[in-house]
Novice: 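First the structure, then my questions, so here it is.
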Amino acid sequence: MVSLPLLLQEAHAAYEPILPAWILLLPLIGAAVNGIGAFMWRGNKSIPSLVGPLAVIGAFVIVVLNFVAMLTAAPHDPAIVSMWTWMAAGSLSVGVDLQFDQLSILMCLVVTGVSSVIHVYSVGYMGEDPGYSRYFAYLNLFVFFMLVLVLGANFPITFVGWEGVGLCSYLLIGFWYENQDFASAGKKAFVVNRIGDFGFLIGMFLIFVHFGTLSYTQVFAAAPATLAYGGAVVTVITLFLFLGCTGKSAQIPLYVWLPDAMAGPTPVSALIHAATMVTAGVYLVARTSVLFAMSPVSQAVVAAVGAGTALFAATIATQQYDIKKVLAYSTVSQLGYMFLAVGVGAYTAGVFHLMTHAFFKALLFLGSGAVIHAMHHAYHEVHSHEDPNDMRNQGGLRRYMPITFTTMWVGTLAISGIIPFAGFFSKDEIIWYTGAYGYGILWGVALLTAMLTAGYMTRLMVMTFYGENRTGENAKSHLREVPAVMWIPLAILAVLSVIGGWVNIPDALPVLPGVHAFHDWLHPIFAPARGILESHGLNEAHASPIGGGEAMWAGISTVAAAVVILLTFRALIHRTWKPAAESVDPTGLAGVLYNKWYVDELYDRMVILPLLALWRGCWRIVDAGLIDGSINGLASSTRAVGWIGSLFQTGRVSTYMFYFVTGVLVILATFLF
């Protein structure tokens, strides 16, 4: 067994953050330089090609230095770097403070590491786009705000990053804003996330009311003595915080924006789904684990919503034809796994899956981007207007794109939970802990979702890479593998998708050595929350709901996934697929899943249309009727008074004398009578 404490036997020096401000400044400077370049050197793509990736790679190097320094340091409390005081009013004092601890460093490694690969890939993918410099400005700014979010030492600083990634997602999803549908997708993401942000704000206000501070360390230290376990206050606070998480991390009922976010460039999809925005909700629950551990109701809600979202999104993914939409619903489903984990109290398992998911989901999205890139160029050469994203227009691409084909199979096996790929260790740990902690129904949902995941990912691979090519005879000759600047990032992510889970291998698995490095690393972060849970009777069991140990059920889970892959492959490999233009939309249950359970239509009927009717009523009655009517009435009255006055302006002296005398007589009569 390899344990992190053994690696730290020689540690003795206290940890001091290394160049902490530059972790944030480098991406921010990159965004500023590329933003200026969008106006000053539009035709010169060499500057953004260097500045964009190097800014994030530089931040990654500094994060690695901090990770090594923290790894070799003596046990320590979170290191707080205070930059300046932002707000000071009465008892409220909020500083621009950065918190360096095991969780924030891990998140920074994931954010900067995966983002670096995506930035390099973008050089090839976006090379012909006229908005090249603007694209890298937005991408660098996205990374900056995500780093602010994970490094913030208090709720307001985290909220600044929280809102910042929301802004950048709007800019990048609607990057090709000339297309009305793409612009609408960006607005949809922005509006839906505002609903969740309302919950975050209310939760933050309640925390300040009851604690008098918004500092993480102070709130978590005082929570057990300030709030009652299972009380109404902590439950309301955590439920409002979780409302914010459902928006950012696309959980039921606020998941509808994420599939539409596919309107942006594919590297943006990879960045949103793997390294930045959608992981923010999981991070917030993990960061505030002490508060959630004190509310069993909130814990149950988080677990139930996570499991329900995981299964619900997986069913939709089984019938989608847009390759990016399949992966989008897959992300919603995998995020559900993460919330299931933190909801049942397996915080480390949830963060573990967040990390491994970043590797294989970035790989899958960039792989799909390679396919779309090749298809787009092939169709462009023959002036075809077919949809390059539709898997019905693809097929047989393994002969033309062997590197993309191989790396995407690695990502598929990883997300399906096949041993020894990264997803096996993180996903099966979530499934096991869900059962071991006594959540039998949710354990069954998680196991079923894993099997559906293996099914729809195999379907994606078969439709895209196997069978006859459906691009058309003219376009087929123009298909080719993507350039090295795009496939090298795929190779790097493929390696991480294989070995990324080896940092945490359970002792129960036979043959493999037990490795506890990941759990040991995050133990100081989650020990207080685990202590609260265990003190109130939540203890780890040693069997699943229907018997058997961890090793047995890990084996059953991976065998079940492998069987689903083989059966799906065999069922679809000889199927004849028609191009999208010749296909008919599915009907029956398949049609319901194809139409995403009609949730968007339901929201449209129950929310959007009534709101539009309300707004039209406000416009017609309040705006046009009352406001415009009163202003227009005042203007008409003024004109009427003026017209009446003009009747007395004749230009004749005799007439004016008559009016004068008449007025004098009226005044005298008034006084006399």
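Given the structure is predicted, the values throughout are model-derived calculations rather than measurements.
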Novice: Between the side chains of D97 and S82, is a donor N or O closer than 3.5 angstrom to an acceptor N or O?
Specialist: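 Yes.
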Novice: Determine the interplanar angle of the H273 and F365 rings, folded into 0 to 90°, and report it as parallel if under 30°, tilted if 30 to 60°, perpendicular if over 60°.
Specialist: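 If you compare the ring of H273 with that of F365, the planes turn out tilted.
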Novice: Counting only heavy atoms not in L612, do more than 12 sit closer than 6.0 Å to its CG atom?
Specialist: yes
Novice: Examine distances only and state if a side-chain atom of T309 and a backbone atom of I252 form a donor-acceptor pair shorter than 3.5 Å.
Specialist: yes
Novice: I'd like to check N140 versus H119 (side-chain heavy atoms, cut-off strictly below 4.5 Å). Are they in contact?
Specialist: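 In short, these two side chains touch, coming nearer than 4.5 Å.
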Novice: Does the pair D101 and S104 meet the rule for a side chain to side chain donor-acceptor pair (under 3.5 Å), with working shown?
Specialist: CA-CA 5 Å; D101 58 18; S104 62; 3.1 Å; yes
Novice: Got a sec: does the OH of Y177 have more than 12 other heavy atoms crowding it under 6.0 Å?
Specialist: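 It does not: Y177 OH has 12 such atoms or fewer within range.
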Novice: Less than 6.0 angstrom separating the ring centers of H357 and F360, yes or no?
Specialist: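 Centroid distance H357-F360: below 6.0 Å, so yes.
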Novice: Take atom CH2 of W22 as the centre, draw a 6.0 Å sphere, and report whether it contains more than 12 heavy atoms from other residues, nucleotides or ligands.
Specialist: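 Counting other residues, nucleotides and ligands, CH2 of W22 stays at 12 neighbours or fewer.
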Novice: Between K248 and M277, does the side-chain contact (heavy atoms from CB on, under 4.5 Å) criterion hold? Intermediate values first, please.
Specialist: CA-CA 6 Å; K248 273 293 179 287; M277 185 166 170; 3.8 Å; yes
Novice: Any donor-acceptor pair under 3.5 Å linking the side chain of S249 with the backbone of V278?
Specialist: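 Pair found, side chain donor or acceptor close to backbone of V278.
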Novice: Looking at every non-hydrogen atom in both residues, tell me the closest pair between T331 and K361 and how far apart they are.
Specialist: OG1-NZ, 3.0 Å
Novice: Just to verify, which of Y347, F352, F526 counts as forming a ring-ring contact (aromatic ring centres under 6.0 Å, His included) with F518?
Specialist: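 Answer to the ring-ring contact (aromatic ring centres under 6.0 Å, His included) test with F518 among Y347, F352, F526: F352.
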Novice: Should I627 and V622 count as side-chain neighbours, where that means a heavy-atom distance under 4.5 Å?
Specialist: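 In short, these two side chains touch, coming nearer than 4.5 Å.
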Novice: Give a yes-or-no answer on whether the side chains of T158 and Y283 include a donor-acceptor pair shorter than 3.5 Å.
Specialist: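 Not at all, the side chains of T158 and Y283 share no donor-acceptor pair under 3.5 Å.
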Novice: Indicate yes or no for a side-chain donor-acceptor contact from Q99 to the backbone of I80 under 3.5 Å, with no hydrogens or angles considered.
Specialist: no
Novice: At what distance, to the nearest 0.5 angstrom, does CG of N66 lie from CG of L19?
Specialist: 7.5 Å
Novice: Mind checking whether L214 and L92 have side chains closer than 4.5 Å, heavy atoms only?
Specialist: yes
Novice: Could you tell me which non-hydrogen atom of W443 sits nearest to which non-hydrogen atom of T434, and how far apart they are?
Specialist: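 Minimum heavy-atom contact is N-CG2, 3.5 Å.
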Novice: Between T276 (side chain only) and L271 (backbone N and O only), is there a donor and an acceptor less than 3.5 Å apart?
Specialist: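 Yes, T276 side chain to L271 backbone: donor-acceptor pair under 3.5 Å.
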Novice: Do W86 and V160 have side-chain heavy atoms sitting under 4.5 Å apart?
Specialist: yes
Novice: Is it true that the NZ or CZ of R194 lies under 6.0 Å from the centre of F198's six-membered ring and within 45 degrees of the ring axis?
Specialist: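 No, R194 does not lie over the aromatic ring of F198.
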Novice: For residues I415 and S330, report the shortest heavy-atom separation together with the two atoms involved.
Specialist: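 Heavy-atom minimum between the residues: CD1-OG, 3.1 Å.
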Novice: Between F60 and L109, does the side-chain contact (heavy atoms from CB on, under 4.5 Å) criterion hold? Intermediate values first, please.
Specialist: CA-CA 7 Å; F60 174 66; L109 283 172; 4.2 Å; yes
Novice: Which value, rounded to the nearest 0.5 Å, describes the distance between F339 atom CZ and Q334 atom CD?
Specialist: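 Result: 13.0 Å between the selected atoms.
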Novice: Has Y121 got a side-chain atom pairing as donor or acceptor with L366's backbone, closer than 3.5 angstrom?
Specialist: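 Answer holds: yes.
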Novice: If you count every heavy atom of other residues, nucleotides or ligands that lies below 6.0 Å from Y138 atom OH, does the total exceed 12?
Specialist: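 Yes.
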Novice: Using 0.5 Å steps for rounding, measure from the CG atom of N179 to the OG atom of S184.
Specialist: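 Result: 8.5 Å between the selected atoms.
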Novice: Between L26 and I62, is there a side-chain heavy-atom distance shorter than 4.5 Å?
Specialist: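 Yes; the side chains approach each other to less than 4.5 Å.
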Novice: Look at the aromatic rings of F155 and F200 and report parallel, tilted or perpendicular, splitting at 30° and 60°.
Specialist: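 F155 and F200: perpendicular rings.
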Novice: Is the backbone N or O of P259 less than 3.5 Å from a side-chain atom of Y329, with the two atoms forming a donor-acceptor pair by type?
Specialist: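 Answer holds: no.
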Novice: Closest heavy-atom contact between A314 and T449?
Specialist: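 The answer is CB-CG2, 4.0 Å.
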Novice: Is any side-chain heavy atom of M294 closer than 4.5 Å to a side-chain heavy atom of T238?
Specialist: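 Of all side-chain heavy-atom pairs linking T238 with M294, none is under 4.5 Å.
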Novice: Heavy atoms only: give me the nearest G345-L533 pair and the separation to one decimal.
Specialist: CA-CD1, 3.9 Å
Novice: Centre of F175's six-membered ring, under 6.0 Å away, within 45 degrees of the axis: is that where NZ or CZ of R134 sits?
Specialist: yes
Novice: With no hydrogens and no angle check, is any side-chain donor or acceptor of W521 less than 3.5 Å from a backbone partner on Q102?
Specialist: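 Yes: the side chain of W521 pairs with the backbone of Q102.
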Novice: Say you draw a straight line from OG1 of T235 to CD of Q299; how long is it, rounded to the nearest 0.5 Å?
Specialist: 10.5 Å
Novice: Looking only at heavy atoms, what is the nearest atom pair of G244 and W162, with distance?
Specialist: O-CZ2, 3.2 Å
Novice: Given side chains that start at C-beta, do those of I23 and F100 come closer than 4.5 Å, heavy atoms only?
Specialist: yes
Novice: Just how far is it from atom NZ of K427 to atom CE of M338, taken to the nearest 0.5 Å?
Specialist: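 If we round to the nearest 0.5 Å, K427:NZ and M338:CE are 10.0 Å apart.
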Novice: With no hydrogens and no angle check, is any side-chain donor or acceptor of N595 less than 3.5 Å from a backbone partner on Y598?
Specialist: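 Answer holds: no.
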Novice: When you compare the side chains of W257 and S169, does any donor N or O come within less than 3.5 Å of an acceptor on the partner?
Specialist: no
Novice: What's the separation between atom NZ in K596 and atom CZ in F312, rounded to the nearest 0.5 Å?
Specialist: 10.5 Å
Novice: Main chain of H519, side chain of N504: is a donor-acceptor contact present, judged purely on distance under 3.5 Å?
Specialist: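 It does hold such a pair.
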Novice: Between K324 (side chain only) and M262 (backbone N and O only), is there a donor and an acceptor less than 3.5 Å apart?
Specialist: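 Flag set: sc K324 to bb M262 pair under 3.5 Å.
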Novice: Could you check whether any side-chain heavy atom of L172 comes within less than 4.5 Å of a side-chain heavy atom of P265, counting everything from C-beta outward?
Specialist: no
Novice: Under 3.5 Å, is there a donor on one side chain and an acceptor on the other for Y135 and N34?
Specialist: no
Novice: Test side-chain contact (heavy atoms from CB on, under 4.5 Å) on L243 and L254; report intermediate values, then the result.
Specialist: CA-CA 9 Å; L243 175 60; L254 301 180; 4.1 Å; yes
Novice: Run the side-chain contact (heavy atoms from CB on, under 4.5 Å) test on V165 and F142 for me, step by step, so that the C-alpha distance in whole Å, both residues' side-chain angles and the decisive distance to 0.1 Å come before the verdict.
Specialist: CA-CA 6 Å; V165 294; F142 208 156; 3.6 Å; yes
